[in-house]
Protein chains: 2
Amino acid sequence: MATQTPDSPAAAPAARDAERTRAEILAVATREFADKGFAGARVDEIAAKTRTTKRMIYYYFGGKERLYVSALEQAYTGIRALEQQVDVEHLDPAEAIRQLTALTFDHHESHPEFIRLVSIENIHRARHLVRSEILAGLANPALDALTRILVRGRAAGRFRDDVDPIDVHMMISAFCVFRTANRYTFNAIFQRDMLDPARRDHYRTMIGDLVLEYLTAAG
Amino acid sequence: MATQTPDSPAAAPAARDAERTRAEILAVATREFADKGFAGARVDEIAAKTRTTKRMIYYYFGGKERLYVSALEQAYTGIRALEQQVDVEHLDPAEAIRQLTALTFDHHESHPEFIRLVSIENIHRARHLVRSEILAGLANPALDALTRILVRGRAAGRFRDDVDPIDVHMMISAFCVFRTANRYTFNAIFQRDMLDPARRDHYRTMIGDLVLEYLTAAG
DNA sequence: CAATGTATGTACTAGTTAGTTAGTTATACG
DNA sequence: CGTATAACTAACTAACTAGTACATACATTG
């Protein structure tokens, strides 16, 4: 109890480490906001779940709303960074679409917190997202990759040529987001858990089929 | 200023009318909860926007949470009643799918408040919906209609026979719900308003194509 | 090793918010 | 016409909640 290792995992005051404190607040805040929404989350509870105090939230973030915006910004930039690693350029167009779709699918499934924050931000009519300087000009790597695949597919005469990349992206997102975001009410009404692991492959294939059949149809 | 007509539209105390007061509270509450979520909505503000007082909310509904549940129940039963009017039994299967899809599309577009309440309820992990006696056993007319269409389509050899009605319903809902529920963040990121009237027909056709191409594909 | 600013904790406050208490007024009914 | 009861109101309260004032410890640097 007397001495501490510099990186003691989860108990002691962990000396002074601004970056660490800031990061811990942000991580806890992300969970809390994703769980309860902006109005439902409590600053005191966020503080209680960190190893520091409420005072530090105001010291580092300036207020509840700015903390929420920081959490949203971090969630978006994290997701974008992941998307940037997409590499489907070397594949045949159809296979590239399948991979990209599967990637989005896996992605949304493994980041339910992000999906929840997006839902919450939509309830707020994207007020914070629009005002955020960080998020305003954030490119979408997934859309860029998709655009290039569509160009190649059209050039090869494999895809119809009246499709818009944003529409295709929308279609993929709609399916993957709905599966996670509306899981609870859907399950309550239809007694079907869209995230049941037993049905995972089925849905993963389904969205791929759906998009490809659309892209290869007559037009 | 002295006398009042019995049904003066929006100003006077409107005498005593229990049903009217109850309905007005519920209508205002639905708007407020859909707008700000459960935690974000304020009982005082709901009361202020009615012609009655906060006390009446407690008199008729018993509390904030029970008022929220009542609003949710009314929204769901209203939507179900509308869906019950679906009549596509006499149409050829493909045309029936197109009509049902368009109907869901129109429906979601014209009831953004309902979509918002569903999003909010999902943030709460459908806690209230699951506990509601009214909503627990509520059938889904749209799903029933869809099931019958699929049976007919399969019998006629027009649709593949490995599709599940709930999956098809999910696909339609995903598209239509996403378009309304994620409108704001999608627009902020892609500068595209999915509810722009100029693009309405395009999307309405698109979801129909999508579903039909899936249903008529090889399997 | 002094001093200066960064990082942190404690205790508080002003304003808000769900819910209640203690009544009053209108209406239906005998 | 009077009285029981349903419908209604105003004012209050206890608990909560975002935000702050103030005090202090630590670490870096000259």
Side-chain angles (χ1 to χ4, degrees), chain A residues 2-8 10-29 32-33 35-71 120 124 127-128, chain B residues 2-8 10-29 32-33 35-71 120 124 127-128:
Chain A
T3 54
Q4 300 154 11
T5 39
D7 282 310
S8 70
R16 313 195 130 199
D17 188 341
E19 206 36 63
R20 215 205 137 283
T21 304
R22 214 192 113 93
E24 188 179 357
I25 291 171
L26 201 50
V28 172
E32 285 294 302
F33 284 128
D35 199 45
K36 296 168 189 156
F38 174 71
R42 297 285 167 251
V43 177
D44 282 293
E45 202 171 330
I46 292 170
K49 288 181 179 175
T50 65
R51 262 176 288 179
T52 184
T53 62
K54 181 163 64 154
R55 179 69 186 76
M56 288 297 96
I57 292 175
Y58 289 87
Y59 184 68
Y60 285 114
F61 297 94
K64 186 185 183 181
E65 189 158 15
R66 286 167 64 188
L67 177 60
Y68 169 79
V69 171
S70 295
I120 290 162
H124 294 288
R127 185 174 66 233
H128 312 93
Chain B
T3 52
Q4 301 152 11
T5 40
D7 281 311
S8 69
R16 311 194 135 201
D17 187 341
E19 207 36 64
R20 218 206 135 282
T21 303
R22 215 192 113 94
E24 188 180 357
I25 291 171
L26 201 50
V28 172
E32 284 295 301
F33 284 129
D35 199 47
K36 297 168 188 155
F38 174 71
R42 298 285 167 250
V43 177
D44 283 293
E45 201 172 330
I46 292 170
K49 287 181 179 174
T50 65
R51 261 176 289 177
T52 183
T53 61
K54 179 161 65 152
R55 183 67 185 82
M56 287 297 98
I57 291 175
Y58 289 86
Y59 184 68
Y60 285 114
F61 297 94
K64 185 185 183 182
E65 189 158 14
R66 286 167 64 189
L67 176 61
Y68 169 79
V69 172
S70 294
I120 290 162
H124 295 288
R127 186 174 67 233
H128 313 92

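Naming: A, B, ... by sequence-line order, numbering from 1 per chain.
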message: Classify A:Ala41 by what it touches in the nucleic acid, base, sugar-phosphate, or nothing, heavy-atom distance under 4.0 Å.
response: sugar-phosphate
- prompt: Think A:Thr21 has a side-chain N or O under 4.0 angstrom from the OP1 or OP2 of C:dT8?
  reply: yes
- prompt: Under a 4.0 Å heavy-atom cut-off, which of residues 56-66 of chain A touch DNA chain C?
  reply: A:Met56, A:Tyr59, A:Tyr60
- prompt: Residues two or more places apart in sequence or in another chain: which of them pass side chain to side chain contact (heavy atoms under 4.5 Å, CB included) with B:Ile120?
  reply: A:Ile123, B:Tyr68, B:His124
Check: protein-nucleotides 12-16 of chain D nitrogen or oxygen pairs below 3.5 Å:
none

- line: Ranking C:dA22, D:dA21, C:dA18 by distance to the side chain of B:Arg55, first place goes to C:dA22
Value in whole Å for how far the P atom of C:dA18 lies from CD of B:Glu45: 10 Å
- request: Let me know the distance between CG of A:Asp44 and P of C:dG9, rounded to the nearest Å.
  value: 15 Å
task: Look at the side chain of A:Thr52 and decide which nucleotide, out of C:dG9, C:dA7, C:dA18, has an atom nearest to it.
output: C:dG9
task: Starting at atom OH of B:Tyr68, determine the distance to atom C1' of C:dG19, rounded to an integer number of angstrom.
output: 20 Å
- prompt: Which atom pair, heavy atoms only, marks the closest approach of A:Glu24 to A:Thr50?
  reply: OE2-CA, 3.6 Å
query: Rounded to the nearest 0.5 Å, what separation is found between the CG atom of B:Leu26 and the OH atom of B:Tyr60?
result: 12.5 Å
query: Atom CZ of A:Arg22 to atom C1' of C:dT8: distance rounded to whole Å?
result: 16 Å
- line: Residues pairing under salt bridge (charged side-chain N to carboxylate O under 4.0 Å, His left out) where one sits in residues 61-70 of chain A, two or more places apart or in two chains, turn out to be A:Glu65-A:Arg131
statement: Nearest heavy-atom contact between B:Gly63 and B:Tyr58 is CA-CE2, 3.7 Å
- prompt: Between A:Asp17 (CG) and C:dA7 (P), how many Å, whole number?
  reply: 10 Å
Only distances under 3.5 Å count here; give the side-chain donor-acceptor pairs of residues 39-46 of chain A to other protein atoms, sequence neighbours excluded, each with its distance to 0.1 Å.
| residue | atom | partner | partner atom | Å |
| --- | --- | --- | --- | --- |
| A:Arg42 | NH1 | A:Ala39 | O | 2.9 |
| A:Asp44 | OD1 | A:Lys54 | NZ | 3.3 |
| A:Glu45 | OE2 | A:Lys36 | NZ | 2.9 |
| A:Glu45 | OE2 | A:Lys49 | NZ | 3.4 |

- request: Would you please name every residue forming a side chain to side chain contact (heavy atoms under 4.5 Å, CB included) with A:Tyr59, sequence neighbours left out?
  value: A:Arg55, A:Met56
